[in-house]
Amino acid sequence: MAIKFCSIASGSDGNCIFVSSGSTKILIDSGLSGITIQKSLLGIGVEPSEIDAIFITHEHKDHIHGAGILSRRFSIPIYACEQTWFNMNTFIGPISEKNKHYIYRQESCFINDMKIVPFEIPHDAISPVGYTIFTEGCKISVATDIGHITDTIKQNISDSDILLIESNHDLDMLKNGPYPYVLKKRIMGGFGHLSNDACGHLLVDIMSEKLKYIFLGHLSRENNNPSLAYKTVSSILTENNIDIGGNLQLSVANRGIVSLPVVI
Ligand SMILES: [Zn+2]
Ligand SMILES: [Zn+2]
């Protein structure tokens, strides 16, 4: 059966990633309004009621906005760390007990033919995670909101077939941009977000023959743009003798635009 991967949206306005094994369909985060996610799913030929589970990375609004609405409307189970549940409870509203599930870092969780492994990421949330999904012989990884690169991240995302990785900001744009000093410091800090440069070097470190699709995600509106993120990361890859366009596709998961689904 074919695997389908689609970034419904990626960025500080909202994050939602769709992954399907054919028989199992999940969302990583639901950070747009319920109705926007519903419409976007229908746009890629998926009935919202077909979603088997929503996995939450952390409690920031751009990752949980529509989770409660979707869960109540379509009886979709939500999976999140215990502390994340505690912090997002009030915001997402009441969730029925049968749809409330707990995950633990580095502990596999199974949804039919999918094995999902949450892993720790450094970010200023209570218990933030990235996810790796194993299904149909493929490995898919999603890691955004990364303050700095850790061995845990590298170990978990290496040997992926499809990888969505944060490429949040251009360091010069951030430094010279309009954000107040405190916010700049937060974003650049060890628990903020990953720069285009750092993303490029991370990709060089974890590059493997297996990696076929890279999506650059969670781009900042003020401190980045899709062509700059692409240019910075692709230059770093090229400088390190990594060819793009043949077996390896590099693209940007845009803010507020559903990306072209990848099917493998
Ligand atoms: Zn975020
Ligand atoms: Zn965040």
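In each ligand, atom 1 is the first atom listed, and ligand 1 is the first ligand listed. Note that these values count all heavy atoms, side chains included, but never hydrogens, waters or copies made by symmetry.
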field: Pair K210 + D159, salt bridge at N-O below 4.0 Å
entry: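 Judged by the 4.0 Å cut-off on N to carboxylate O distance, K210 and D159 do not form a salt bridge.
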query: Among all residues two or more places apart in sequence or in another chain, which pass the side-chain contact (heavy atoms from CB on, under 4.5 Å) test with S127?
result: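 Once residues adjacent in sequence are excluded, the partners of S127 under the side-chain contact (heavy atoms from CB on, under 4.5 Å) criterion are C81, Q83, T84, R105.
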field: side-chain contact (heavy atoms from CB on, under 4.5 Å) partners for L183, two or more places apart
entry: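 Scan of L183 (side-chain contact (heavy atoms from CB on, under 4.5 Å), adjacent residues dropped) gives Y179, P180, R186, I187.
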message: On a heavy-atom basis, which atom in P48 and which in L41 lie closest, and how many Å separate them?
response: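 Result for this residue pair: CA-CD1, 4.1 Å.
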- request: For the residue pair H169 and N223, confirm or rule out a side-chain donor-acceptor distance under 3.5 Å.
  value: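 Short answer, no.
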For the Zn ion (ligand 2), every protein N/O/S atom that sits closer than 2.8 Å, waters excluded: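 The answer is H58 NE2, H60 ND1, H123 NE2, D145 OD2.
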- request: Not counting sequence neighbours, list each pair that qualifies as a side chain to side chain donor-acceptor pair (under 3.5 Å) and has a residue in residues 231-242.
  value: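 Those involving residues 231-242 do not exist here.
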